[in-house]
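Numbers for residues simply follow the sequence, beginning at 1. When a ligand or atom number is given, it counts from 1 through the structure's own listing order.
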Amino acid sequence: MALITKAIKGTKDVLPTEAYKNQYIESTCLGVAEKFGYKEIRTPVFEHTELFQRGVGDTTDVVQKEMYTFDDKGGRSITLRPEGTAGAARSFLENGLCNEALPQKVCYLTSCYRYEKPQAGRLREFHQFGIECFGATSPLADAEMISLAKQVFDELEVKDLHLEINSIGCPTCRAEYHKALKEYFSARENELCDTCRERLERNPMRILDCKSPVCSEIAKDAPVVLDYLCDECKEHFDSVKRYLDTMNIEYIVNPQIVRGLDYYTKTVFEYVSDAIGSQGTVCGGGRYDGLIEELGGQRTPSLGFGMGLERLQLVMDAQNCPYPEESKPDLFIVAMGDKATLKAIEIAKDMRAEGFSAMYDLNGRSLRAQMKYADKLGAKFNVVIGDNEVEQGVAKLKNMSTGESTDIALTTFVSGFYDISMQDALKDLEINGEAFDFGSLFLGGNENE
Ligand code: ATP
Ligand code: MG
């Protein structure tokens with residue numbers, strides 16, 4: 001196939017017939033975020049490469065292998081964002097949000113770019129719902145963040161995700177842990193992959209996250225980070241668990257989770273599904289107490305998560321989660337002739353101004369063809385207007401699902417449409433198992449007369 005009609009490997013179109021699902025998921029995410037006090041932040045799709053090297057960590061797979069990095073025409077090294085936290089943190093510092101009342105709670109819906117092997121649930125352009133809470137020290141913040149993700153899943157009626165949590169400690173307790181890891185892995189150094197041998201020196205914890213079968217087999221018996229936590233980190237983790245218990249949120253403590261980014265400290269967590277194969281992590285996040293300082297700001301303990309929207313949708317599809325119905329046009333105006341067309345323009349304009357969706361033919365087609373098109377669009381009502389109707393000022397409004405027709409005055413079209421469509425909606429309404437009597441709405445006031 002010619003290149004110009006072929007999308008880049010690892011990218012995906014969202015077609016007009018599917019977009020309403022994305023809109024529903026995205027508005028649910030933003031709605032939940034708002035309930036927890038998060039406001040949207042929008043940052044550029046590209047940043048200086050250094051931001052990610054520093055912010056994501058140059059011992060991570062993301063920075064070492066997966067970034068879309070290029071020189072722009074001015075010779076600057078630019079990288080398409082592989083994740084959302086670094087950009088949000090940069091903006092937090094650059095725009096002085098760090099001087100406002102803390103915590104600053106921000107959320108975003110963004111595209112991310114990683115040069116990975118495309119497969120189910122793994123794309124080169126994917127989308128995340130992310131939240132960042134800058135400047136919150138208490139374990140309350142960790143538990144609240146975890147519960148926010150849970151509320152998104154609950155509102156979308158996603159089931160069977162399990163929550164795994166861990167604490168990877170702070171630099172103090174981690175020094176001790178790194179020593180133990182180094183000792184353990186050094187003994188089997190020549191079995192490790194090349195990347196991990198390099199990691200052994202710079203960041204041995206990364207080996208726990210290696211996807212190669214040999215390394216992950218060796219990692220299984222490695223020392224466990226939870227045994228090395230300092231008192232403060234241990235207490236913090238205990239409190240997170242206690243708060244989750246209070247919130248009735250179930251979790252599994254999995255000491256193997258280290259997460260793919262270097263900036264994490266203390267709490268890390270993942271929501272995992274078994275319904276979509278090996279790419280089952282739908283949401284991952286945790287605390288990053290050192291990141292803001294690392295980027296040149298004041299010490300600002302913070303935390304966040306990223307939720308993969310494509311993976312979320314895979315889970316929703318696998319579980320047949322309900323979506324709201326796709327919206328259909330309220331009205332299609334079949335217009336025959338010049339005068340009728342002018343009338344159609346007028347009516348459509350008035351309808352739209354009142355919040356209805358209205359359409360008419362844009363191809364000068366025959367009556368039959370217009371009807372067929374209206375049918376294809378799934379319009380709820382149609383109205384046929386020809387010279388006669390314009391002259392008489394009355395037309396027939398037809399309910400396309402029941403076939404029922406009602407006279408409607410063209411001069412007061414919108415209010416007429418409102419009444420008829422309302423009656424129609426109420427007709428389907430049952431109260432205590434009996435059909436709702438629409439007439440009673442208007443008769444109610446007469447009782448005392
Ligand atoms: P994985 O271990 O699956 O590679 P990760 O640790 O690299 O994930 P994060 O950087 O924490 O993932 O990103 C947060 C979320 O974004 C993931 O849990 C996942 O849902 C989603 N995600 C990450 N990479 C991709 C990708 N290439 N395609 C689709 N979704 C992705
Ligand atoms: Mg990854």
Side-chain angles (χ1 to χ4, degrees), residues 8-12 14 22 25-26 29 52 55-68 79-89 107-132 145-146 148-150 152-153 156 158 161-166 168 195 205-212 215-216 219 254 256-265 267-288 291 303-318:
I8 287 178
K9 195 172 156 185
T11 68
K12 206 169 74 79
V14 176
N22 297 56
I25 293 172
E26 289 165 8
C29 290
F52 300 114
V56 176
D58 56 12
T59 64
T60 61
D61 273 0
V62 172
V63 171
Q64 287 189 342
K65 306 182 197 159
E66 298 170 1
M67 293 205 304
Y68 277 90
T79 295
L80 303 185
R81 69 173 160 237
E83 53 95 62
T85 304
C107 65
Y108 46 83
L109 292 160
T110 53
S111 55
C112 300
Y113 302 84
R114 296 186 191 178
Y115 195 76
E116 301 198 72
K117 190 163 165 250
Q119 50 198 292
R122 197 175 287 289
L123 294 153
R124 289 183 173 171
E125 180 187 65
F126 64 98
H127 296 79
Q128 273 189 359
F129 165 58
I131 74 166
E132 313 294 343
M145 173 147 305
I146 291 170
L148 191 162
K150 171 114 192 331
V152 170
F153 300 135
L156 293 171
V158 178
L161 285 179
H162 55 272
L163 168 63
E164 302 191 0
I165 62 171
N166 188 25
I168 56 173
T195 323
M205 223 165 66
R206 281 262 73 80
I207 303 175
L208 300 175
D209 203 37
C210 183
K211 306 264 184 332
S212 109
C215 296
S216 45
N254 177 358
Q256 294 285 341
I257 300 180
V258 298
R259 306 287 317 127
L261 315 176
D262 270 355
Y263 48 58
Y264 288 115
T265 52
T267 317
V268 288
F269 67 93
E270 293 186 352
Y271 279 95
V272 186
S273 164
D274 297 322
I276 54 168
S278 54
Q279 262 59 251
T281 306
V282 175
C283 174
R287 184 169 270 286
Y288 47 86
L291 176 67
L303 58 166
F305 71 63
M307 189 181 287
L309 295 179
E310 284 83 2
R311 284 188 201 177
L312 176 61
Q313 205 168 334
L314 284 177
V315 175
M316 289 180 68
D317 291 345

Look at [atom] and find which of [options] reaches it with the closest heavy atom.
atom                    : options                : value
atom 29 (C) of ligand 1 : Gly130, Gly308, Gly121 : Gly121
atom 3 (O) of ligand 1  : Arg311, Gln119, Glu310 : Arg311
atom 27 (N) of ligand 1 : Met307, Glu66, Glu116  : Glu116
atom 13 (O) of ligand 1 : Lys12, Glu83, Gln128   : Gln128

Would [X] and [Y] count as having a side-chain donor-acceptor pair, cut-off 3.5 Å?
X      : Y      : answer
Gln64  : Thr59  : no
Tyr113 : Glu125 : yes
Gln119 : Gln279 : yes

* Passing candidate, side chain to side chain contact (heavy atoms under 4.5 Å, CB included) with Val268, options Val258, Ile165, Asn166 ->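 Per the side chain to side chain contact (heavy atoms under 4.5 Å, CB included) rule, the option paired with Val268 is Asn166, out of Val258, Ile165, Asn166.
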
[X] and ligand 1 - part of the residue with a heavy-atom distance under 4.0 Å:
X      : answer
Arg122 : both
Lys211 : side chain
Asp61  : neither

Is [X] in polar range of ligand 1, meaning some N or O pair under 3.5 Å apart?
X      : answer
Gly306 : no
Leu123 : yes
Val282 : yes

* Check the surroundings of atom OH in Tyr115: do more than 12 heavy atoms from other residues, nucleotides or ligands lie under 6.0 Å from it? =>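 Atom OH in Tyr115 is not packed in, count stays at 12 or less.
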
* Asked: Residues two or more places apart in sequence or in another chain: which of them pass ring pair (Phe, Tyr, Trp, His ring centres under 6.0 Å) with Tyr288?
  ->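 Checked Tyr288 against ring pair (Phe, Tyr, Trp, His ring centres under 6.0 Å); matches are Tyr263.
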
* Asked: For Phe52, what residues pass the ring pair (Phe, Tyr, Trp, His ring centres under 6.0 Å) criterion, not counting sequence neighbours?
  ->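 For Phe52, no residue satisfies ring pair (Phe, Tyr, Trp, His ring centres under 6.0 Å) once neighbours in sequence are set aside.
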
